[in-house]
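Treat the numbers as computed from the prediction; the structure is a model and nothing was measured.
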Amino acid sequence: MEIPERLAWVRRAPAGRDWLATLPRWRDECAERWSLRLGPPFPYAFASLAMPATLPDGTPAVLKLQYPDEDSRCEADALAHWAGDGAVRLLAHDPRRRALLVERCLPGSPVHELPPDEALDVVAGLLPRLWQPADGPFTTLAEEAAGWRERLPVNWERAGRPYERRLLDAALGRLAELVDDQGEQVLVNQDLHAGNVLRATREPWLVIDPKPLVGEREFGAVPIVRGPELGHSPAALRRRLDRLTGALGLDRDRVRGWAIAQTLAWSTDGEVVFPNQVESVRWLVDGD
């Protein structure tokens with residue numbers, strides 16, 4: 001079966017190779033169960049095998065077979081909770097196979113194709129609709145942050161101390177300040193970057209691929225602030241921070257603090273270092 005190049009990283013681990021071995025069977029079983037006509041996989045998917053699908057009545061959809069990691073465990077629950085309000089609709093779910101059938105966005109172009117300020121206006125309109133009170137199976141931001149505090153020093157050493165100690169200290173310090181002093185707890189998406197907001201027909205723009213947590217609203221703005229899709233420079237990052245916090249009435253310093261912590265936590269994967277993430281942390285730490 002054709003595997004997109006961006007999904008090839010899963011071959012590095014035995015669990016990933018085992019998952020790849022199951023995909024042809026699970027794809028065929030899902031297609032039969034839901035009577036789908038499938039197209040070739042989307043090339044941009046990084047943590048799932050995602051394919052265009054057509055239902056028997058001609059409705060366009062997407063079949064996703066998720067890599068079984070913790071971050072995507074509650075994606076179906078988040079989509080069900082939002083029920084199509086600002087995000088794609090969940091049409092069906094097979095938990096055993098980690099398979100989701102979701103609404104397909106057409107034409108599906110990402111919001112980062114707009115000029116940056118227009119894209120930020122779109123995101124600022126969507127975020128409050130997603131910040132809904134939620135309970136159930138979702139991990140809390142406090143729990144996730146506790147994991148970051150534990151792993152950050154370990155990952156820094158394992159990767160060969162790839163960035164200045166002051167950045168690590170800044171992230172740990174901000175986590176110590178932020179976790180126990182949060183505002184109202186709502187459903188937030190820790191991967192809502194500008195590539196995960198797509199042009200659609202049911203609504204002008206819809207969110208896809210959530211990695212949900214329950215935490216304060218200030219954290220919900222972080223992925224757009226740190227993401228490079230709308231420009232990777234100190235000025236562009238600061239512009240996103242200022243525009244979103246101003247438009248949404250958020251505490252700028254708390255958004256900045258969460259951005260420092262999460263971006264650094266996501267800047268390494270084993271011995272692999274993501275320089276753009278480290279650079280963004282440096283700009284956030286050194287900015288006002």
Quick one: does Pro60's side chain get under 4.5 Å of Leu106's, heavy atoms only?
yes
Between Arg256 (side chain) and Gly287 (backbone), is there a donor-acceptor pair under 3.5 Å?
yes
Verify same cluster id: Leu120, Val255 (apolar side-chain graph, 4.5 Å)
yes
May I ask you to test the Leu237-Val225 pair for a side-chain heavy-atom distance under 4.5 Å?
yes
For the atom pair CE (Met51) and CG (Leu23), what is the distance rounded to the nearest 0.5 Å?
8.0 Å
Looking at Arg98 and Asp69, would you say the former's side chain and the latter's main chain have a donor-acceptor pair under 3.5 Å?
yes
What is the minimum heavy-atom distance between Pro52 and Pro40, and which atoms define it?
CD-O, 3.1 Å
Tell me whether His112 contacts the main-chain N or O of Gly231 through its side chain, where contact means a donor paired with an acceptor under 3.5 Å.
no
Determine yes or no for a side-chain-to-main-chain donor-acceptor pair under 3.5 angstrom, with Arg252 supplying the side chain and Leu241 the backbone.
no
How long is the gap from CG on Leu248 to CD on Glu218, to the nearest 0.5 Å?
9.5 Å
Using the rule that Ile, Leu, Val, Met, Phe, Trp and Tyr join whenever any side-chain heavy atoms are under 4.5 Å apart, tell me whether Leu20 and Trp9 fall into a single cluster.
yes
Is there a donor-acceptor pair closer than 3.5 Å between any side-chain N or O of Thr263 and the backbone N or O of Ile260?
no
Heavy atoms, side chains only, cut-off 4.5 Å: are Leu192 and Leu126 in contact?
no
Going from CG on Leu244 to CZ on Arg240, what distance comes out if it is rounded to the nearest 0.5 angstrom?
9.0 Å
Check: Trp34 side chain, Leu55 main-chain N or O, donor-acceptor pair, under 3.5 Å:
no
Hydrophobic cluster identity match, Tyr67 and Leu79, side-chain contacts under 4.5 Å
no
Side-chain heavy-atom pair Arg199, Trp205 within 4.5 angstrom cut-off
yes
Just wondering, do Arg11 and Ile3 contact through their side chains at under 4.5 Å, heavy atoms?
yes
Whichever hydrophobic residues join Phe274 through chains of side-chain contacts under 4.5 Å:
Val272
Donor-acceptor pair, distance only, cut-off 3.5 Å: does the side chain of Gln182 make one with the backbone of Glu216?
yes
Could you work out, with side-chain hydrogen bond (donor to acceptor under 3.5 Å, both in side chains) as the rule, every residue matching Arg202, not counting sequence neighbours?
Glu103
Taking CD in Glu5 as the centre, count heavy atoms belonging to other residues, nucleotides or ligands within less than 6.0 Å. Is the count above 12?
no
Can a donor-acceptor pair be found between the side chains of Thr268 and Arg158 at a distance below 3.5 Å?
no
The complete set of salt bridge (Lys or Arg N to Asp or Glu O under 4.0 Å) pairs with one or both residues in residues 76-93, sequence neighbours excluded, reads Asp85-Arg129
Listed once per pair and sorted, the salt bridge (Lys or Arg N to Asp or Glu O under 4.0 Å) pairs that draw on residues 130-156, sequence neighbours left out
none
Any donor-acceptor N/O pair, Gln185 side chain to Gly183 backbone, under 3.5 Å:
yes
Across all chains, not counting sequence neighbours, the side chain to side chain contact (heavy atoms under 4.5 Å, CB included) partners of Ala47 are none
Would you compute the distance between atom NE2 of His232 and atom CD of Gln277 and round it to the nearest 0.5 angstrom?
8.5 Å
Can you measure from CG (Leu101) to NZ (Lys64) and round to the nearest 0.5 angstrom?
11.5 Å
Could you see if Trp26 belongs to whatever hydrophobic cluster contains Val62? Use Ile, Leu, Val, Met, Phe, Trp, Tyr and a side-chain cutoff under 4.5 Å.
no
Can you name the side-chain hydrogen bond (donor to acceptor under 3.5 Å, both in side chains) partners of Asp57, sequence neighbours left out?
Thr59
Could you grab the distance from atom NE2 of His93 to atom CD of Glu75, nearest 0.5 Å is fine?
8.5 Å
Using atom types as modelled and distance alone, determine if a side-chain donor or acceptor of Asn189 lies under 3.5 Å from a backbone N or O of Pro212.
no
Under the 3.5 angstrom rule, does the side chain of Gln262 hit a backbone N or O of Val222 as a donor-acceptor pair?
no
Going only through I, L, V, M, F, W and Y residues with side-chain contacts under 4.5 Å, is there a path from Val188 to Val122?
yes
Ignoring hydrogens, what is the shortest heavy-atom contact between Cys30 and Leu65? Give both atom names and the distance.
SG-CD2, 4.2 Å
